[in-house]
Amino acid sequence: MSRSTFALAAAAAAAALLLSGCATLPGTAEQGGGERQVSTGQCVVAAGVAALACAVSANRDQAIRAALCGAAAFTICEIAASFTSARTQTAEQVREQHLRTNRQLPPRAMVTEFTHAIDPQRVQAGQQVRLTSAVVVVPGRDNAPVSISERVEVRDSAGNRWGEPFERVHSASDAGGFSSEMSFGISNRFQQGQYSIHRTLLLNGEPVRQADSRFQVVQTDDGLRFALLDQ
């Protein structure tokens, strides 16, 4: 096998390891989890495979692609592994709150709130960025089961998707209020440029709300810096 072929194969292996590791993560606290927990260490191991690909590649462009592949998969894996969701309101509480200002419930379950934030808005290399969201879903008059989940993906300034989007469940059975939190670290994995975190709220499997957060990574005399552009 040539050095360049090995580089690309190793990068592909790194991405596969990361994404397979992130494919099964615990659900919400309400569900009790049950699936295996993915550790950041697994992301580090796979990213190391990509780094090895860079070291042995004879082609600079292929080495860069291998590095970006490992960095991208590491970041999305890190975010997915840190995802937590908690119930903030029961379906009954949301129902009562809705009926205080409305004569009746909607025909079917309906999202009335989907807010998101990034904190802090400015950090430097070595610090963590925290992503949060809040969701409120009102039950419908049809009393049908309600599934609420969130899909997350990261894109760079060229519009390239970093790794595969992941989806996490807030509730698999009923409406209510929920909050989520996930995080990732700013390090030399990031090149200078703009990035975006795209979140899609799914209600019974259908996309109903979307939220985008853009941030800039720049190289300064003190190292890499992160600044939120908008959200």
Side-chain angles (χ1 to χ4, degrees), residues 22-40 75-123 127-154 165-185 196-215 228 230-231:
C22 289
T24 52
L25 288 170
T28 64
E30 170 192 22
Q31 296 168 302
E35 298 183 28
R36 66 187 177 88
Q37 175 68 51
V38 174
S39 69
T40 303
T75 300
I76 196 69
C77 184
E78 186 179 25
I79 294 173
S82 67
F83 185 95
T84 59
S85 176
R87 180 181 286 275
T88 58
Q89 292 178 287
T90 65
E92 183 60 26
Q93 288 173 324
V94 169
R95 177 183 179 279
E96 292 176 355
Q97 187 178 52
H98 182 81
L99 291 176
R100 291 192 192 109
T101 54
N102 297 271
R103 298 181 63 179
Q104 61 182 357
L105 294 173
R108 294 173 296 278
M110 180 179 71
V111 176
T112 58
E113 179 183 332
F114 180 45
T115 60
H116 63 104
I118 292 183
D119 182 61
Q121 296 191 359
R122 293 180 182 275
V123 300
Q127 295 181 312
Q128 289 284 310
V129 177
R130 190 167 64 100
L131 316 171
T132 59
S133 69
V135 179
V136 176
V137 177
V138 175
R141 295 196 300 272
D142 59 2
N143 291 318
V146 178
S147 171
I148 308 163
S149 58
E150 197 169 335
R151 182 187 300 144
V152 181
E153 65 178 69
V154 179
F166 68 88
E167 188 175 318
R168 295 293 175 262
V169 176
H170 289 292
S171 173
S173 58
D174 60 358
F178 305 88
S179 64
S180 72
E181 181 176 324
M182 45 197 157
S183 63
F184 65 96
S196 64
I197 297 174
H198 184 72
R199 285 181 267 195
T200 302
L201 185 67
L202 305 173
L203 182 61
N204 295 326
E206 297 295 326
V208 289
R209 296 282 184 93
Q210 294 183 336
D212 287 300
S213 300
R214 293 188 309 126
F215 62 92
L228 181 66
D230 60 42
Q231 61 178 2

Closest non-hydrogen atom pair between Asn204 and Pro145, with its separation: OD1-O, 3.7 Å
For the residue pair His170 and Phe178, categorise the inter-ring angle as parallel (less than 30°), tilted (30 to 60°) or perpendicular (more than 60°). tilted
Is atom CZ of Arg108 surrounded by more than 12 heavy atoms (other residues, nucleotides or ligands) closer than 6.0 Å? no
So Leu105 and Val138, do their side chains get closer than 4.5 Å, heavy atoms only? yes
Looking only at heavy atoms, which two atoms of Ala175 and Val146 are closest? And how far apart? N-CB, 3.9 Å
Reported OG1-to-CE distance for the pair Thr84 and Met182, which is rounded to 0.5 angstrom: 9.0 Å
How long is the span from the OG atom in Ser149 to the CG atom in Leu203, to the nearest 0.5 Å? 8.5 Å
Nearest heavy-atom contact between Pro139 and Val94 is CD-CG1, 4.2 Å
Output for pair (Glu153 CD, Thr200 OG1), nearest 0.5 Å, gives 7.0 Å
Could you tell me whether a side-chain N or O of Ser171 sits under 3.5 Å from a main-chain N or O of Ile148, the two making a donor and an acceptor? no
Check ion pair Arg95-Asp174 (N to O, under 4.0 angstrom): no
Do Gln89 and Glu96 have side-chain heavy atoms sitting under 4.5 Å apart? no
About how many Å separate CD of Glu181 and OG of Ser133, when rounded to the nearest 0.5 Å? 10.0 Å
In Met110, Gln93, Glu113, His98, the residue satisfying side chain to side chain contact (heavy atoms under 4.5 Å, CB included) with Val136 is Glu113
Let me confirm one number: the CD-CG distance from Gln210 to Leu202, rounded to the nearest 0.5 Å. 9.5 Å
Any salt bridge linking Arg168 with Glu150? Criterion: basic side-chain nitrogen under 4.0 Å from a carboxylate oxygen. no
Between atom OG of Ser183 and atom CD1 of Ile79, what is the distance when rounded to the nearest 0.5 Å? 8.5 Å
Would you mind reporting whether Phe184 and Ile197 have side-chain heavy atoms less than 4.5 Å apart? yes
Could you check whether any side-chain N or O of Arg199 sits under 3.5 Å from a backbone N or O of Ala211, counting only pairs where one atom can act as donor and the other as acceptor? no
